[in-house]
Amino acid sequence: MASTTTSLKPIPSINLPSQSHRALASNFSYSKPFPFHGLNLSSVTETSSFTSSRSSNPFTTTAFFFNKFKQEAAPHTPKPAKVQELHVYEMNERDRSSPAVLKLSQKPVNSLGDLVPFTNKLYSGDLQKRVGITAGLCVLIQHVPEKKGDRYEAIYSFYFGDYGHLSVQGPYLTYEDTYLAVTGGSGIFEGAYGQVKLHQIVFPMKLYYTFYLKGIGDLPAELLGKPVPPSTAVEPSAAAKATEPHGSIPNFTN
Amino acid sequence: MAASDKVQELHVYEMNERDRGSPAYLRLSQKPVNSLGDIVPFSNKIYRGDLEKRIGITAGMCILIEHKPELKGDRYEAIFSFYFGDYGHIAVQGPYLTYQDSYLAITGGSGIFEGVSGQVKLHQIVFPFKIFYTFYLKGIGELPEELLCKPVDPHPAVEAAPAAKACEPHAAIANFTN
């Protein structure tokens, strides 16, 4: 496909919108309470009694008629699916020419029209292993002056080497935590659905994600280490940063 | 896979009131006619189907795929979300044809829409200012009363109720997205 964007020079490394410097200095609210966001509590309490088998096709033929009548009498609620939590850290180490702030609105302030393709490194939640990268696009929706930040619509993927990838879509607000939709995945993440919480630690260099995944098999132990609680000083282990064999997953995405 | 096959309908009006700088038509193809390469980020207001409550916004982009001269319109690939304030959001992807109705895929959601699947019908009333959506949602709990209504039938003169336009407290959902 011939490139028609030769007139657009992606700005290498960091070219942060001016608001970002104010944002770095201002105090972040780490997480505003979201009354409706978060786990569907009924599914959390019920998963503790779940076995590890997948919830698809639960009815045997002998049970069919019993369940059919039960279903007609009972109120309609979706059967809770097993939820698996996955924690990852996204780090911008300034060596992937990211982000590329395309000021296509041609306005001095962040405005609808600006596009921000990006790609950063991804580490396991315990910061012991490099797993891969993020890759995708942020669409600037509006500047929010009273919050000294911006609203983006983010569409991107998380790459986990040989394990596969997860795709997400949803809001990225530079001034508060958000939940994005998990739209699908491949490899071990094939059929994945659910939501992911985005927690920004240091705009836009360090982000911490908590995935609430449904519809997939048990995640490998390698991805389920005890997560390091997010703080401004978090850094990947030296071995992970250096992508030494014991500090990375097989064929980690780069 | 979500076990519930119950389908819930949700009706939403998307209105471009020309006060959000939207759409931003990026003629990156650098051609005089709409061409592959053009990208159109957008964000509009959304109201409940009876036009009595302001709900939030849409946010995302349309990728121009092909101009259709014989139909006097264009095919876009649209990737965007509907924001429902504290309730969460619904993400969609699919065709936007300026000359006829289409169905988009519901790719996921958050909050009360976490785990959602299904499709949404896009019905354009007045291009590109007024669009009526009918969501066919699966895999989620019962929708709150506040989002359900008897929708106003789409026609070119539809407008949001003045109280909803003004986002008065009784005419907007809690922390409606803006």
Side-chain angles (χ1 to χ4, degrees), chain A residues 1-5 7-8 34-40 42-43 54-58 75-81 83 102 104-105 107 111-115 137 139-142 144 151-155 167-171 178-184 191 193-197 212 214-215, chain B residues 1-6 8 20-31 35-43 57-61 79-81 83-93 105-117 138-142 144 174-175 177-178:
Chain A
M1 177 168 71
S3 170
T4 56
T5 57
S7 59
L8 296 166
F34 280 103
F36 289 93
H37 283 122
L39 287 172
N40 179 329
S42 62
S43 69
R54 303 215 7 212
S55 58
S56 60
N57 237 345
H76 272 290
T77 46
K79 186 172 173 176
V83 181
L102 307 176
L104 303 172
S105 69
K107 293 181 184 152
S111 307
L112 188 72
D114 294 346
L115 298 178
L137 182 67
V139 180
L140 195 294
I141 298 301
Q142 63 189 148
V144 187
R151 166 184 285 274
Y152 291 88
E153 182 70 10
I155 306 160
S167 293
V168 304
Q169 183 179 341
T178 56
Y179 285 83
L180 291 83
V182 173
T183 56
Y193 65 100
Q195 61 184 0
V196 56
K197 182 176 176 188
Y212 300 97
K214 299 183 192 173
Chain B
M1 193 40 121
S4 168
D5 283 336
K6 176 182 171 191
Q8 296 184 76
R20 296 178 66 80
S22 179
Y25 199 98
L26 306 175
R27 196 164 286 283
L28 303 174
S29 67
Q30 300 181 334
K31 293 183 181 147
S35 306
L36 190 69
D38 296 349
I39 296 181
V40 191
F42 69 95
S43 176
I57 60 171
T58 52
M61 66 180 187
I79 307 166
F80 62 108
S81 291
Y83 288 95
F84 293 80
D86 286 346
Y87 289 122
H89 83 286
I90 299 176
V92 305
Q93 185 178 340
I106 291 167
T107 52
S110 72
I112 68 170
F113 303 108
E114 180 271 330
V116 72
S117 65
K138 297 189 208 174
I140 57 173
E142 296 265 342
N175 292 319
T177 320
N178 198 31

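Everything quoted here is computed from the prediction, not taken from an experiment. Lettering follows sequence order; numbering is per chain, from 1.
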Report the C-alpha distance between V139(A) and I39(B) in whole Å, list the side-chain angles of each, state the deciding distance to 0.1 Å, and finish with yes or no for side-chain contact (heavy atoms from CB on, under 4.5 Å). CA-CA 11 Å; V139(A) 180; I39(B) 296 181; over 6 Å; no

Which atoms of I106(B) come close to chain A, meaning under 4.5 Å heavy atom to heavy atom: side chain ones, backbone ones, both, or neither? neither

Going from NE2 on H89(B) to CG on L180(A), what distance comes out if it is rounded to the nearest 0.5 angstrom? 6.0 Å

Test side-chain hydrogen bond (donor to acceptor under 3.5 Å, both in side chains) applied to S167(A) - qualifying residues, sequence neighbours left out: S157(A), H165(A)

With a 4.5 angstrom heavy-atom cut-off, could you sort out which part of F42(B) is near chain A: side chain, backbone, both or neither? backbone

Give the minimum heavy-atom separation between G108(B) and A181(A), together with the two atoms involved. C-CB, 3.5 Å

Closest heavy-atom pair and its distance - L115(A), P41(B): CD2-CG, 4.2 Å

Bottom line for I79(B): the part with an atom under 4.5 Å from chain A's heavy atoms is both

Give, for atom CE of M61(B) and atom CD1 of I141(A), the distance between the pair rounded to the nearest 0.5 Å. 9.5 Å

When you compare the side chain of T107(B) with that of V182(A), does any pair of heavy atoms fall below 4.5 Å? no

Roughly how far, to the nearest 0.5 Å, is the OG atom of S110(B) from the CD atom of Q169(A)? 11.0 Å

side-chain contact (heavy atoms from CB on, under 4.5 Å) between Q142(A) and I57(B), intermediate numbers included: CA-CA 11 Å; Q142(A) 63 189 148; I57(B) 60 171; 4.3 Å; yes

For S81(B) and E153(A): C-alpha separation, side-chain torsions, deciding distance, then whether side chain to side chain donor-acceptor pair (under 3.5 Å) applies. CA-CA 8 Å; S81(B) 291; E153(A) 182 70 10; 2.4 Å; yes

Measure from the side-chain N and O atoms of Q195(A) to the backbone N and O of G115(B), and report whether any donor-acceptor pair falls under 3.5 Å. no

Go through the atoms of Y25(B) and report whether side chain, backbone, both or neither lie under 4.5 Å from a heavy atom of chain A. neither

Measure the shortest side-chain to side-chain distance between T177(B) and R151(A) over non-hydrogen atoms and say whether it is less than 4.5 angstrom. yes

Would a 4.5 Å heavy-atom cut-off, applied to side chains only, mark T183(A) and Q93(B) as touching? no

Could you look at I155(A) and say if it's the side chain, the backbone, both or neither that has a heavy atom under 4.5 Å from chain B? side chain

Spacing of CG belonging to L102(A) relative to CG belonging to L26(B), to within rounding of 0.5 Å: 9.5 Å

Counting heavy-atom pairs under 4.5 Å with chain B, which one of A154(A), P171(A), S111(A) comes out on top? P171(A)

